[in-house]
There are 2 protein chains.
Amino acid sequence: MKTDTSRYVKELVETIGVVVEKAGFQPAVGRVLACLMVSDPPYKTFDEIQRYLGISKSAVSNALNALMSREMVDYITKPGVRRRYFQLATAGMISQMKKRLSLHSAMPELLRAVVEARSNKYPKFNRSLLETSEFLSFMEKEISGAIDKWEALKAKKL
Amino acid sequence: MKTDTSRYVKELVETIGVVVEKAGFQPAVGRVLACLMVSDPPYKTFDEIQRYLGISKSAVSNALNALMSREMVDYITKPGVRRRYFQLATAGMISQMKKRLSLHSAMPELLRAVVEARSNKYPKFNRSLLETSEFLSFMEKEISGAIDKWEALKAKKL
DNA sequence: TGGTTGGTTCTGTACTTGCAGAACAAAAAG
DNA sequence: CTTTTTGTTCTGCAAGTACAGAACCAACCA
């Protein structure tokens, strides 16, 4: 209990917050996520989060809703108590990461369309564009293969 | 020649621009990149780019420098002519993509540090955090393996 | 010497982001 | 009913982004 208030852990929260932020989330979202990671017990109420991070209610509310909409956080309630206990949903975190990694981008297709539209006067350049497209397709397939591999591994371990 | 001014191609440029933008670049950067993709011949001067896209010189200058600093664009010159001919550097594009995909994020390590700092009162939660960390490490390794595989494939084809 | 070309850098500004703080809402407690 | 608890939503602002336009600069040109 309260192993999460030490100087070291608070720094950890900041660091993780920044990493999450760089992954494209808002600063406050990263802090809230990190706060729930170090939280001991692994859940916190709305205003525990607020006081832990020293940010406004609206920031906490927005962050929690952003995270819940991505299923990276959920909450439990205790019978007869209205208050919610928010906690990290690691399963959701992992599937969110899978989704991000899958990068089913439109790019490979668009590059093929570009080559299709180009003249054939610069075959070397066209070849390069196609290779770029192929690289992306290749990586997409490999990554989804890796995800399957992970899932198979997990299934076996159970 | 001038296969790049059709309505369809202009739309392609916009679409690609948006995709690049979503990948974290500035709007103008995406447009310039896309413009060089469809350019026929595959190079354009500074002011051809400017007129093609209808944006300001400063926007073009910023975009080109951003792209050149990442080696996604370079330029050639013709003897006795000061003007630069900018062109897509697909090799640089691909290595840029590799770099992005590699995601050597600090996250797995940070998650281990979090678990290290936590009490052992909630072993299930700790286990979940570790699994998240392991998933990321796994994907990192798989992705770098996939990149090696691609490189081996390319090496063989030559 | 001054003018033109090719591009960079500076300045101002419209737009966007991210959050605080306050007002608000719904449920529960008194 | 009134007050408190547990949040949500609205309003406003400070800071950051992205670009236009202009000033600028270096190289070449007449």
Side-chain angles (χ1 to χ4, degrees), chain A residues 13-14 16-36 39 41 43-70 72-87 89, chain B residues 13-14 16-36 39 41 43-70 72-87 89:
Chain A
V13 168
E14 272 317 295
I16 293 174
V18 171
V19 171
V20 175
E21 194 180 334
K22 284 198 202 145
F25 294 91
Q26 301 184 197
V29 171
R31 303 304 182 284
V32 169
L33 198 71
C35 152
L36 290 176
S39 175
Y43 44 80
K44 271 189 171 24
T45 65
F46 189 99
D47 88 72
E48 281 170 348
I49 296 171
Q50 194 198 336
R51 280 183 290 109
Y52 185 87
L53 295 174
I55 63 181
S56 70
K57 285 173 77 174
S58 57
V60 174
S61 179
N62 285 334
L64 284 174
N65 285 316
L67 290 167
M68 287 192 296
S69 79
R70 291 175 166 79
M72 296 164 73
V73 163
D74 59 9
Y75 61 84
I76 52 179
T77 50
K78 308 202 170 179
V81 182
R82 190 151 64 102
R83 189 165 58 239
R84 278 122 102 165
Y85 293 87
F86 297 94
Q87 61 185 12
Chain B
V13 168
E14 272 318 294
I16 292 174
V18 171
V19 171
V20 175
E21 195 179 333
K22 283 197 203 145
F25 294 92
Q26 303 184 195
V29 171
R31 304 303 182 282
V32 168
L33 198 71
C35 152
L36 290 176
S39 175
Y43 44 78
K44 272 190 172 20
T45 65
F46 188 99
D47 87 72
E48 281 169 348
I49 296 170
Q50 195 198 335
R51 280 183 290 110
Y52 185 86
L53 295 173
I55 63 180
S56 70
K57 285 173 78 175
S58 56
V60 174
S61 178
N62 286 335
L64 284 174
N65 285 316
L67 290 167
M68 287 192 296
S69 79
R70 290 175 166 81
M72 296 165 72
V73 163
D74 60 8
Y75 60 85
I76 53 177
T77 50
K78 308 202 169 177
V81 182
R82 191 151 62 104
R83 190 166 55 239
R84 277 122 99 162
Y85 293 86
F86 297 94
Q87 61 185 12

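Lettering of chains follows the sequences in order, A, B, ..., and the numbering in each one begins at 1.
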B:Ile76 CD1 to C:dG6 C1': how many Å, rounded?
16 Å
side-chain hydrogen bond (donor to acceptor under 3.5 Å, both in side chains) against B:Arg70, all qualifying residues, sequence neighbours excluded:
none
Reading DNA chain D from 5' to 3', where do the contacts with chain B start and stop? Cut-off is 4.0 Å to heavy atoms.
D:dA18 to D:dA27
Is the shortest side-chain heavy-atom distance between A:Ile16 and A:Leu33 below 4.5 Å?
no
If you apply the rule side chain to side chain contact (heavy atoms under 4.5 Å, CB included), what do you find for A:Val60 with A:Leu53, and how did you get there?
CA-CA 9 Å; A:Val60 174; A:Leu53 295 174; 5.7 Å; no
ring-ring contact (aromatic ring centres under 6.0 Å, His included) partners of B:Tyr85, counting only residues at least two apart:
B:Tyr43
Non-neighbouring partners of B:Arg82 that pass side-chain hydrogen bond (donor to acceptor under 3.5 Å, both in side chains), sequence neighbours left out
none
What is the distance from atom CG of A:Leu67 to atom CG of A:Leu36, rounded to the nearest 0.5 Å?
8.0 Å
Between B:Met68 and B:Phe86, is the side chain to side chain contact (heavy atoms under 4.5 Å, CB included) condition met? List the steps.
CA-CA 10 Å; B:Met68 287 192 296; B:Phe86 297 94; 4.0 Å; yes
Output all residues satisfying side-chain hydrogen bond (donor to acceptor under 3.5 Å, both in side chains) with B:Arg51, sequence neighbours left out; order by chain, then residue number.
B:Asp47
I need the full list of salt bridge (charged side-chain N to carboxylate O under 4.0 Å, His left out) pairs touching residues 60-69 of chain A, with sequence neighbours left out, sorted by first then second residue.
none
Protein-nucleotide distance (B:Leu64, atom CG; C:dG6, atom P), rounded to Å
15 Å
Got a list of side-chain donor-acceptor pairs under 3.5 Å for residues 22-32 of chain A, not counting sequence neighbours?
{"unit_1": "A:Arg31", "atom_1": "NE", "unit_2": "A:Glu14", "atom_2": "OE1", "d": "3.0"}
{"unit_1": "A:Arg31", "atom_1": "NE", "unit_2": "A:Glu14", "atom_2": "OE2", "d": "3.4"}
{"unit_1": "A:Arg31", "atom_1": "NH1", "unit_2": "A:Glu21", "atom_2": "OE1", "d": "3.4"}
{"unit_1": "A:Arg31", "atom_1": "NH1", "unit_2": "A:Pro27", "atom_2": "O", "d": "3.1"}

Gap between atoms CZ and P, on B:Phe46 and C:dT4 respectively (whole Å)
20 Å
To the nearest angstrom, how far is B:Asn65 atom CG from C:dT9 atom P?
7 Å
Can you name the atoms? Protein N/O to nucleotides 27-30 of chain C N/O, anything below 3.5 Å, with the distance.
none

A:Leu64 side, atom CG; A:Gln50 side, atom CD - distance, nearest 0.5 Å:
10.5 Å
With B:Gln87 via side-chain hydrogen bond (donor to acceptor under 3.5 Å, both in side chains) - residues at least two apart
B:Asp74
Under 4.0 Å, heavy atom to any atom of DNA chain C: which of residues 19-32 of chain B qualify?
none
Which residues pass the side chain to side chain contact (heavy atoms under 4.5 Å, CB included) test with A:Thr77, not counting sequence neighbours?
A:Tyr75, A:Arg84
Does anything in residues 51-61 of chain B come within less than 4.0 Å of DNA chain C? Heavy atoms only, and list the residues if so.
B:Lys57, B:Ser58, B:Ser61
